Amino acid sequence: MIIVMKPGASSENISSVVNTIQRKGLETHLSQGKEVTIIGVVGDKSKLAYDNLEIFEGVDKIVPVTESYKLSNKKFHPEPIRIQVGNTSIGPDTLTIMAGPCAVETEEQMHLIAQNVKKAGATILRGGAYKPRTSPYAFQGLGEDGLRYLQEAGKETGLATISEVISLDAINTAVKYVDMIQIGARNMQNFFLLKEAGRAGLPVLLKRGLSATIDEWLNAAEYIISEGNPNVILCERGIRTFETATRNTLDISAVPVLKSKTYLPVIVDPSHATGVRAYVSPLAKSAIAAGADGLMIEVHNDPANALSDGPQSLTFAQFNTLCDEIKPFCGLMNRSF
Ligand code: PEP
Ligand code: MN
């Protein structure tokens, strides 16, 4: 349930509603806009005679929410939000690019990649230090050393940083080094991890699960937000279908669908969606045209020898071309880049 206060409702009006709800043992989450305050209510509604709330001073209306996710629901916060990530931000009128290798491999490599992606236009540097690989014999990432190399390369170039976390231990380590944590597709429904991510105090990039519906994905976001962290960014990275020509199938429709259901920023990862370098650029353009707030692109100094995801990684020259070619698309969508 969501309670919309009247424009100009006083802080006393708001606390009186909030206190009444909390006294019944339900949780409230405030969303304070310039004009209007919205109160999200989570908990057992049977304890609350909510008709009574309609006559409270300053209450405009009570909106029942049929979807199981509430705090990530557009009804709770009608305007799209901008989320600060280190020295940059992700939001409705810019196009943010996160770029870097699948996995951090060496210190020198991270510096080289950071300088090149920054020159082309990226503002966030990515690099996995804990890699959830299909085979236990594949490269598993450098752990804390990898995070350190990522942080140093970020500092040197002025890029914000992001890295995936796969456990509570990884979260506790990563928060010392990065500006944003990533929950990967394989962990989208690891509810314990989602709650820990919600308590980590950093923005969270939540990738869509391999076979997750949009409803399940928004419920996963709800786990993070309900721990008190509203800074969640959704990342469409392709889903499992019968098609084998690409690694996954990019669900481009997820972008406008999400935009109709949530105020959270949405970014698209055409690298993992396709698994094929040649398809990354066309899908990056379609993502912008569909309304995405950003892109996550894998870039490597030597893709042929990358320790993971070489076939989908762009060279510096290819990434540079992509950044040039998307400019008109950003212009058409009124996004600065
Ligand atoms: C990644 O970003 O490196 C990654 C493993 O992505 P996903 O979780 O989307 O497979
Ligand atoms: Mn990868």
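In each ligand, atom 1 is the first atom listed, and ligand 1 is the first ligand listed. All residue numbers in this chain count up from 1 along the given sequence. Keep in mind the model is a prediction, meaning the values are calculated, not measured.
Atom 2 (O) of ligand 1 has R126 NH1, 2.7 Å as its closest protein atom, hydrogens excluded (heavy atom only). Regarding atom 6 (O) of ligand 1, its nearest protein heavy-atom neighbour is K207 NZ, 2.9 Å. Protein heavy atom nearest atom 9 (O) of ligand 1, with residue, atom name and distance: R237 NE, 2.6 Å. From the protein, the heavy atom lying nearest to atom 4 (C) of ligand 1 is H272 NE2, 3.4 Å. Given atom 8 (O) of ligand 1, the protein heavy atom at minimum distance is A185 N, 2.8 Å.
Contact between Q182 and ligand 1 is present, with at least one heavy atom of the residue lying under 4.0 Å from the ligand.
A heavy-atom distance below 4.5 Å is not found between the side chains of Y263 and S31. Residues Q312 and V276 have side chains not in contact (no heavy-atom distance under 4.5 Å, counting atoms from C-beta outward). Side-chain contact between K70 and H29 is absent, with no heavy atoms from C-beta onward closer than 4.5 Å. L30 places none of its side-chain heavy atoms less than 4.5 Å from the side chain of T28.
A donor-acceptor contact shorter than 3.5 Å is absent between the side chain of T262 and the backbone of L258.
Those atoms of ligand 1 that come under 4.0 Å of a heavy atom in G184, given as number and element, are 8 (O). For ligand 1, the atoms lying closer than 4.0 Å to a non-hydrogen atom of R186 are 7 (P), 8 (O), 10 (O). Near E164, meaning under 4.0 Å from one of its heavy atoms, ligand 1 places the atoms 4 (C), 5 (C). Applying the 4.0 Å criterion to heavy atoms of E298 picks out, from ligand 1, the atoms 3 (O).
Seen from the Mn ion (ligand 2), atom OD2 on D309 and atom SG on C102 lie at an angle near 100° (rounded to 10 degrees). Geometry about the Mn ion (ligand 2) gives an angle of 90° between OE2 of E298 and NE2 of H272, rounded in steps of 10 degrees.
Shown here for N187 and V165, the closest heavy-atom pair between the two residues is ND2-O, 4.4 Å.
The distance from atom OG1 of T20 to atom CG of L53, rounded to the nearest 0.5 Å, is 6.5 Å.
No continuous path of ILVMFWY side-chain contacts below 4.5 Å connects I2 to I62, so the two sit in separate hydrophobic clusters.
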